[in-house]
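Take a look at the structure below.
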Amino acid sequence: MNFVEEITKRGMLHNIMPGTEEMLKDGQVSAYVGIDPTADSLHIGHLVSVMLLKHFQLAGHKPIALIGGATGMIGDPSGKSQERNLLDLKTLRHNQEAIKKQLSKFLNFSNEIENNAILVNNYDWMSKFSFLDFIRDVGKHISVNYMIAKDSVKKRMLGSEDKDAEGLSFTEFSYQLVQGYDFLHLYKEHNCKLQMGGSDQWGNITTGTELIRRIQQGKAYALTSPLITKADGGKFGKTESGNIWLDPKKTSPYEFYQFWINTSDEDAEKYLKIFTVIDTNEIKDIIKEHKEAPYARILQNKLAEEITVMVHSKKDLDTSVAASKMLFGKGTKEQLESLNDNTFNAVFSGVPKFKINKEVISKGINIFDLLAEETQIFKSKAEVRRLVKDKGLSLNMEKFTNSDTLITDQYLLNNKYIVIRQGKKKYSIITT
RNA sequence: GGGGGGAUUCCAGAGCGGCCAAAUGGGGCAGACUGUAAAUCUGUUGGUUUAUACCUUCGGAGGUUCGAAUCCUCCUCCCCCCA
């Protein structure tokens, strides 16, 4: 399989250095992408890069994931990154291990194959560099003129249409050199001839190829993918509750699944190509099928299924699908009751929970006191009253319409919870 | 320095001394419709055991009045024009 052709078909190619495709045809090489170890989990914003590596490996080449232990401390001026915090070494290693574990779901790190993926951390070589050595051995080869010509730097110095000049610190300015040196290092140590990344990384990557040319008289290449956008202009990968993480502790498999299910039609086509390895011809068929019956949302289902299984597991997918049917379909009280504790917690993880004393329920309590006073699910009784009047309140999946009804033990599911549903999507749980 | 205009509920923006918890639009919430979409339509949008009631709210502090978002005085902040 031809790597460049494949990612082109998938809409993952933004910019590529001439000669890259030919170089890749000449035999196995390695390529790398950088990942910031700022957290102990990847989020879906990292996925494009990861998928690039995956396709690269599928094409028979050797992928390298570079953990930016050193660069992460500096802060890339290409983003609007704020000053970074220094990670202590222990956290850095912890994050690195966690990220590797997640990456192994996409990439094959096994020594048994020839083109196994590897993970490196630029802290391991950068931390040994003294400042003097660095400016002498690396800085000497790149002119300031070259560095300030980069878009990311220029923007900060001169400002852009929508932004005034802000200037940048020497540290940020040096960023491209440090990243460039990584490329040189990997070129020497791992026959790494290609660096990939988001389109905002182009400038940083080419500093690397330039360094390799000047110091090693070598030829290295660059390839970038477009930044992922949403059709409505929103930022990809963010929801009201924040980032979508791959770590099930940070984003439950259910929320993860829901994120993909909620993709718009337009985006879903695009995402299916980028985030799954489904054959592009097959994707065409799926799109066609979807257009014939858009209400079935074949695209979204396929997308959510594939990615959830890849990142989590088939079992997590099944739970999420069941939970979704429960929450969005015609869930019933009986279905709710039939959930065991584990599934119940999985379905309602991420839903706000309110604990109250069991006696309060046993004695019987009216709906207003329960929702606006005992728990602060609603901020006033009038709000509850309105909602009941509008038929927007359900208890345990049953519409609650008569506000005179007293809430007693019989409302407790499994003698423990009450599921409060506001409108269609908003849930709260009262536990005793 | 002189003159003028303004500050209203989440936002914008009406508001005759009593009929003002305050028009209208946006946003929010809910309902119908639907595909957990978009659009549309409807209801709702200060609080109180829903009430032809009371309480809190129209920049701040006082005052006039039976009664003030509305009139008067002072203060704070914002905008515009002339020099």
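Just so it is clear: chains get the letters A, B, ... in the order the sequence lines come, proteins before strands, and each one is counted from 1. These numbers were taken from a predicted model, which means no experiment stands behind them.
- Across all strands shown, B:C58 forms no Watson-Crick or G-U wobble pair with both distances under 3.5 Å.
- B:C55 sits 22 Å from B:U44 when the C1' atoms are compared, rounded to a whole Å.
- The gap from the P atom of B:U70 to that of B:U64 amounts to 15 Å, rounded to the nearest Å.
- For B:G1, the paired base is B:C82 (Watson-Crick or G-U wobble, both distances below 3.5 Å).
- Distance noted for atom P between B:G18 and B:A23: 16 Å (whole Å).
- Other residues, nucleotides and ligands contribute at most 12 non-hydrogen atoms within 6.0 Å of the CD atom of A:E114.
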Heavy-atom contacts, protein to nucleotides 31-36 of chain B, under 4.0 Å, summarised as B (base), S (sugar-phosphate only) or - (none) per nt, yield SSBBBB

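- Base pairing of B:A12 is made with B:U24, judged by Watson-Crick or G-U wobble geometry with both donor-acceptor distances under 3.5 Å.
- With sequence neighbours left out, the side-chain hydrogen bond (donor to acceptor under 3.5 Å, both in side chains) criterion links A:R297 to no other residue.
- Non-hydrogen atoms lying under 4.0 Å from RNA chain B are contributed by A:S380, A:K381, A:A382, A:R385, A:R386, A:L387, all within residues 378-387 of chain A.
- Salt-bridge annotation for A:K381 and A:E373: present, with a side-chain N of the basic residue lying under 4.0 Å from a carboxylate O of the acidic one.
- With both ends at atom P, the span from B:G3 to B:G62 equals 29 Å, rounded to whole Å.
- Classification of A:D40 and A:K90 as a salt-bridged pair fails, no side-chain N sitting under 4.0 Å from a carboxylate O.
- Nucleotide B:C71 forms a pair with B:G63, judged by Watson-Crick or G-U wobble geometry with both contacts under 3.5 Å.
- More than 12 heavy atoms of other residues, nucleotides or ligands lie within 6.0 Å of CD in A:E22, so this atom counts as buried by the packing criterion.
- Listed by chain and residue number, A:D267 satisfy the salt bridge (charged side-chain N to carboxylate O under 4.0 Å, His left out) test with A:K270 (two or more places apart in sequence, or in another chain).
- Spacing between B:A68 and B:G15 at atom C1', rounded to whole Å, works out to 13 Å.
- When the C1' atom is compared between B:C10 and B:A83, the two are found 42 Å apart, to the nearest whole Å.
- Nucleotides B:G46 and B:G25, compared at atom P, are 15 Å apart to the nearest Å.
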Sequence neighbours excluded and cut-off under 3.5 Å, please list the side-chain donor-acceptor pairs for residues 276-285 of chain A, or say none.
{"residue": "A:T276", "atom": "OG1", "partner": "A:L272", "partner atom": "O", "Å": "2.6"}
{"residue": "A:T276", "atom": "OG1", "partner": "A:I278", "partner atom": "N", "Å": "3.4"}
{"residue": "A:D279", "atom": "OD2", "partner": "A:N281", "partner atom": "N", "Å": "2.9"}

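- One can place CZ of A:R421 at 11 Å from P of B:A30, the figure rounded to the nearest angstrom.
- For the C1' atoms, the distance from B:G13 to B:G17 is 23 Å, rounded to whole Å.
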Could you go through residues 303-311 of chain A and list every donor-acceptor pair under 3.5 Å that involves a side-chain atom there, pairing it with any protein atom two or more places apart or in another chain?
{"residue": "A:T308", "atom": "OG1", "partner": "A:A304", "partner atom": "O", "Å": "2.5"}

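- Going from atom CG of A:L371 over to atom P of B:U49 covers 14 Å, rounded to whole Å.
- When both pairing distances are held under 3.5 Å, B:G43 makes a Watson-Crick or G-U pair with B:C29.
- Looking only at side-chain heavy atoms (C-beta outward), A:K250 and A:H43 stay at 4.5 Å or farther from each other.
- When every heavy atom of A:A372 is checked against every heavy atom of A:S380, the shortest pair comes out as CB-C, 3.7 Å.
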